[in-house]
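Nothing here was measured: the structure is a model prediction, and the numbers come from that model. Just follow the structure's listing: the first ligand is 1, and inside any ligand the first atom is 1.
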Amino acid sequence: MYVHVVDHSALGAPHVPLEIKQAIRKEFKNTVILAGGHTKESAEAELQSGLADLVAFGRPFINNPDLVDRMQNDLPLSTDLHFDLFYTPDEKGYTDYPVYQQ
Ligand SMILES: Cc1cc2nc3c(=O)[nH]c(=O)nc-3n(C[C@H](O)[C@H](O)[C@H](O)COP(=O)(O)O)c2cc1C
């Protein structure tokens with residue numbers, strides 16, 4: 001069992017207040033996952049603060065299919081993400097981004 005808190009403020013939704021995340025952390029004894037607009041550094045900070053057991057990534061995984069490898073090896077992330085291809089019916093903009101190339 002887990003609670004997954006998604007902060008969509010990077011996409012224009014209202015910000016999830018820190019007090020809400022703290023209250024969930026205090027009251028919920030199982031896994032807490034936070035997501036929304038995270039970088040490697042901000043994810044680490046959430047984990048170090050104790051507010052989350054896990055941090056999830058959404059959009060960075062689309063244009064960085066090797067996201068874990070890039071983060072583990074301090075490789076740069078692609079910022080070339082085509083929002084116009086979201087919610088379209090084929091693989092374009094979802095599974096056709098390249099892995100890191102030097
Ligand atoms: C193309 C696209 C489709 C998504 N579809 C869903 C969905 O069906 N249900 C859901 O809960 N979140 C959905 N999300 C939200 C993501 O799961 C994630 O919470 C959000 O993108 C914030 O994380 P991020 O800033 O790392 O991308 C979608 C996001 C994208 C970009």
Sequence neighbours excluded, every pair satisfying salt bridge (charged side-chain N to carboxylate O under 4.0 Å, His left out) that has a member inside residues 32-44: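 The answer is Lys40-Asp74.
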Set of residues satisfying side-chain contact (heavy atoms from CB on, under 4.5 Å) with respect to Leu67, sequence neighbours excluded: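 side-chain contact (heavy atoms from CB on, under 4.5 Å) list for Leu67, sorted by chain: Phe57, Pro60, Phe61, Asn64, Met71, Leu77.
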Asp96/Lys92 ion pair, N-O < 4.0 Å: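 Looking at Asp96 and Lys92, the cut-off is not met.
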Asp7: salt bridge (charged side-chain N to carboxylate O under 4.0 Å, His left out) partners, not counting sequence neighbours: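 Expected list: none.
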Within the protein, residues bringing a heavy atom under 4.0 Å of ligand 1, chain by chain: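 Ligand 1 is contacted, at a heavy-atom distance under 4.0 Å, by Val6, His8, Gly36, Gly37, Phe57, Gly58, Arg59, Pro60, Phe86, Tyr87, Tyr94.
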Flag side-chain contact, heavy atom, 4.5 Å: Met1 against Thr31: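 Counting from C-beta outward, Met1 and Thr31 never come under 4.5 Å.
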Ile33 side chain reached by Val55 side chain, heavy atoms, under 4.5 Å: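 When only atoms from C-beta onward are counted, Ile33 and Val55 do not touch, as no gap falls below 4.5 Å.
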